Amino acid sequence: MSDKLIVRALKGERTRPVPFWLMRQAGRYLPEYREIRAKSKGFLDFCFSPGLTVEATLQPLRRYHMDAAILFSDILVVPYALGQEVGFQEGEGPKLKALTNSAGVAALSIEEFHERLEPAYETLRQLVFAIPETTALIGFAGAPWTVATYMIEGGSSKEFIKAKSWAYRNTADLERLIDLLTEVTAEYLLMQIACGAEVIQLFDSWAGILPEEEFRRWSINPARRIVEKLRSRCPNVPIIGFPKGAGALYETYVKETGVDAVSLDSSVPLSWAAQTLQPHAALQGNLDNVLLLAGGEAMERETRRIIDILGKGAFVFNLGHGILQHTPPEHVARLAEIIKEAG
Ligand code: CP3
């Protein structure tokens, strides 16, 4: 089993120093990312060019020496690999040809699934040799519910009326879609592990919009099935679940999915998490991404408070959600310094 610092923490050990990485640690806040990003017209083309994605993954490590590298890709490569039309419009976010009915679900195909994702696998194979020896390689996927919201809404959403209406009124269609996504997501993650991923994170960014019963059905249940499948084949690879916005249901999520670690959004109270969740799973999080953008004394204070409280147990420092585009890179440098001093 790996003795890398972050793997030990995710497997339940209290470590010093506290390991860290940051969601969206690669991306537009870095000038060197914007420079290589300009080489591809579409964002998906960029994601499917291993020469560029390897470099994008490495860029933040050179500056800040995080304990983990995360595969540079996107959660929406999975709908693309199932044959859905997916595009990204500059400044507007993702645009998909929305699924409207059961025929849309039936038309999805697994035939070219792994072939279409080959560039992600190749990126991981190259990263194994390109990252520093003590750095762990993180693979990821969107959780079925979060990916389904994009497939049904056709992009980002505020109210999620279409996706939630499927849950309430087209339940059988949503069930078919979620079952398919659960199956292929597990396959995708197993392939990522085979290609060198040492840690897996499952991003359920929109778990928090679901009421309790729906949350169990569409977030917890698929995550549990994915965890079981990965565990049975790769018992040593830690799995981080991120049911963003789940509130008090974080507790149920941790107990019922069996994840090794759970990533906390910034609204989760620290002492509650330490008492209720940390006995069952390693914790990751949860600095407000706007506090990182703002910087200064407030950021430093909150960073130390998080490490004081959550660092008493198994803990990986991270943000509550991804780095924002207008975050000054110097703030990230300062954050990395404080984490190493405090831990
Ligand atoms: O963390 C990392 O450094 C790895 C890269 C990564 C990206 N997307 C790159 C990206 C990861 C892990 C993701 C996951 C992702 N993608 C999620 C889950 C995490 C979360 O943020 O909740 C979601 C919901 C998506 C879907 C997505 N991709 C949206 C809504 C957008 C548009 C928003 C925006 O910032 O423009 C993207 C595009 C995207 N994914 C960019 C990057 C760097 C920006 C596109 C560009 O550089 O042109």
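From a predicted model like this one, the values you see are computed outputs, not experimental measurements. Indexing begins at 1, ligand by ligand and atom by atom, following the structure's order.
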Participant: Judged by non-hydrogen atoms, does L22 sit under 4.0 Å from ligand 1?
Facilitator: no

Participant: Given the rule in the side chain to side chain contact (heavy atoms under 4.5 Å, CB included) test, do H280 and K255 qualify, once you have shown the distances and angles that lead to the verdict?
Facilitator: CA-CA 7 Å; H280 306 282; K255 290 182 176 165; 3.4 Å; yes

Participant: For ligand 1, note which part of Q325 has a heavy atom under 4.0 Å away: side chain, backbone, both or neither.
Facilitator: neither

Participant: Among protein heavy atoms, which sits nearest to atom 4 (C) of ligand 1, and what does the distance come to when rounded to 0.1 Å?
Facilitator: L71 O, 3.7 Å

Participant: Any heavy atom of Y33 closer to ligand 1 than 4.0 angstrom?
Facilitator: yes

Participant: Compute the shortest N/O to N/O distance between E90 and ligand 1 and return yes if it is under 3.5 Å, no if not.
Facilitator: no

Participant: Quick check: does H321 get an N/O under 3.5 Å from an N/O on ligand 1?
Facilitator: yes

Participant: Does atom CZ of R16 have more than 12 heavy-atom neighbours, drawn from other residues, nucleotides or ligands, at distances under 6.0 Å?
Facilitator: yes

Participant: Assess whether a salt bridge exists between R225 and E228, defined as any Lys/Arg side-chain N lying under 4.0 Å from an Asp/Glu carboxylate O.
Facilitator: no

Participant: Measuring from non-hydrogen atoms of F46 to any atom of ligand 1, is the shortest distance under 4.0 Å?
Facilitator: no

Participant: Whether the side chain of Q25 engages the backbone of A68 through a donor-acceptor N/O pair (distance < 3.5 Å, no angle test) should be reported.
Facilitator: yes

Participant: Report the part of S73 (side chain from C-beta onward, or backbone N, CA, C, O) that has a heavy atom under 4.0 Å from ligand 1; answer both or neither where that applies.
Facilitator: backbone

Participant: Check for a donor-acceptor pair, side chain of Y80 on one end and backbone N or O of L117 on the other, with a separation under 3.5 Å.
Facilitator: no

Participant: Does any N or O atom in Y150 lie less than 3.5 angstrom from one in ligand 1, N or O only?
Facilitator: no

Participant: Among I138, V199, L22, find the one that has a side chain to side chain contact (heavy atoms under 4.5 Å, CB included) with I70.
Facilitator: I138

Participant: Quick test of your reading of the model: are E256 and R224 salt-bridged, counting only N-O distances below 4.0 Å?
Facilitator: no

Participant: Going by distance only, is there an N or O of Q25 that falls short of 3.5 Å from an N or O of ligand 1?
Facilitator: yes

Participant: For I70, take its heavy atoms, then give the atoms of ligand 1 lying under 4.0 Å from any of them.
Facilitator: 1 (O), 2 (C), 3 (O), 4 (C)

Participant: Check each of W21, F88, Y29 against atom 38 (C) of ligand 1 and report the one with the nearest heavy atom.
Facilitator: F88

Participant: Examine R28 against ligand 1 and note whether any of their N/O atoms are separated by less than 3.5 Å.
Facilitator: yes

Participant: If you have a sec, work out which protein heavy atom is nearest atom 11 (C) of ligand 1 and how many Å separate them, to one decimal?
Facilitator: F140 CZ, 3.8 Å

Participant: Among protein heavy atoms, which lies nearest atom 48 (O) of ligand 1, and at what distance?
Facilitator: R37 NE, 2.9 Å

Participant: In this structure, which one of I240, L71, L10 forms a side chain to side chain contact (heavy atoms under 4.5 Å, CB included) with Q201?
Facilitator: I240

Participant: So which protein heavy atom does atom 42 (C) of ligand 1 come closest to, and at what separation?
Facilitator: F43 CZ, 3.5 Å

Participant: For ligand 1, is there an N or O atom under 3.5 Å from any N or O atom of D74?
Facilitator: yes

Participant: If I apply the N/O under 3.5 Å rule, does A26 come out as touching ligand 1?
Facilitator: yes

Participant: Looking at R62 and E55, is there a salt bridge between them, counting it only when a charged N and a carboxylate O are closer than 4.0 Å?
Facilitator: yes

Participant: Output yes when E213 and R217 qualify as a salt bridge under the 4.0 Å nitrogen-oxygen rule, no when they do not.
Facilitator: no

Participant: Any heavy-atom pair between the side chains of E214 and Y168 that's under 4.5 Å?
Facilitator: yes

Participant: Show me which atoms of ligand 1 lie under 4.0 Å from any heavy atom of F203.
Facilitator: 12 (C), 18 (C), 19 (C)

Participant: How far is atom 43 (C) of ligand 1 from its nearest protein heavy atom, and which residue and atom is that?
Facilitator: F72 CZ, 3.6 Å

Participant: Give the residue, atom name and distance (to 0.1 Å) of the protein heavy atom nearest atom 22 (O) of ligand 1.
Facilitator: S205 OG, 2.5 Å

Participant: Less than 6.0 Å separating the ring centroids of Y33 and F72?
Facilitator: yes

Participant: Select one of side chain, backbone, both or neither to describe which atoms of T146 lie under 4.0 Å from any atom of ligand 1, heavy atoms only.
Facilitator: neither

Participant: Students should be able to answer this: which protein heavy-atom is nearest to atom 1 (O) of ligand 1, and at what distance?
Facilitator: R24 N, 2.6 Å

Participant: Is ligand 1 under 4.0 Å from a heavy atom in the side chain of K244, in the backbone, in both, or in neither?
Facilitator: neither

Participant: Contact between P94 and ligand 1, counting heavy atoms under 4.0 Å?
Facilitator: yes

Participant: Can you tell me the protein heavy atom closest to atom 15 (C) of ligand 1 and the distance?
Facilitator: I75 CG2, 3.7 Å

Participant: Are any of the side-chain nitrogens in K164 or E159 under 4.0 Å away from the carboxylate oxygens of its partner?
Facilitator: no

Participant: Are any of the side-chain nitrogens in K340 or D67 under 4.0 Å away from the carboxylate oxygens of its partner?
Facilitator: yes

Participant: Check whether any heavy atom of G322 sits under 4.0 Å from an atom of ligand 1.
Facilitator: no

Participant: Can you name the atoms of ligand 1, numbered from 1 with element, that are less than 4.0 Å from a heavy atom of S156?
Facilitator: 30 (C)

Participant: Please check: side-chain N/O of Q278 versus main-chain N/O of L310, any donor-acceptor pairing under 3.5 Å?
Facilitator: yes

Participant: State, with a plain yes or no, whether a side-chain heavy atom of R231 is found less than 4.5 Å away from one of D260.
Facilitator: yes

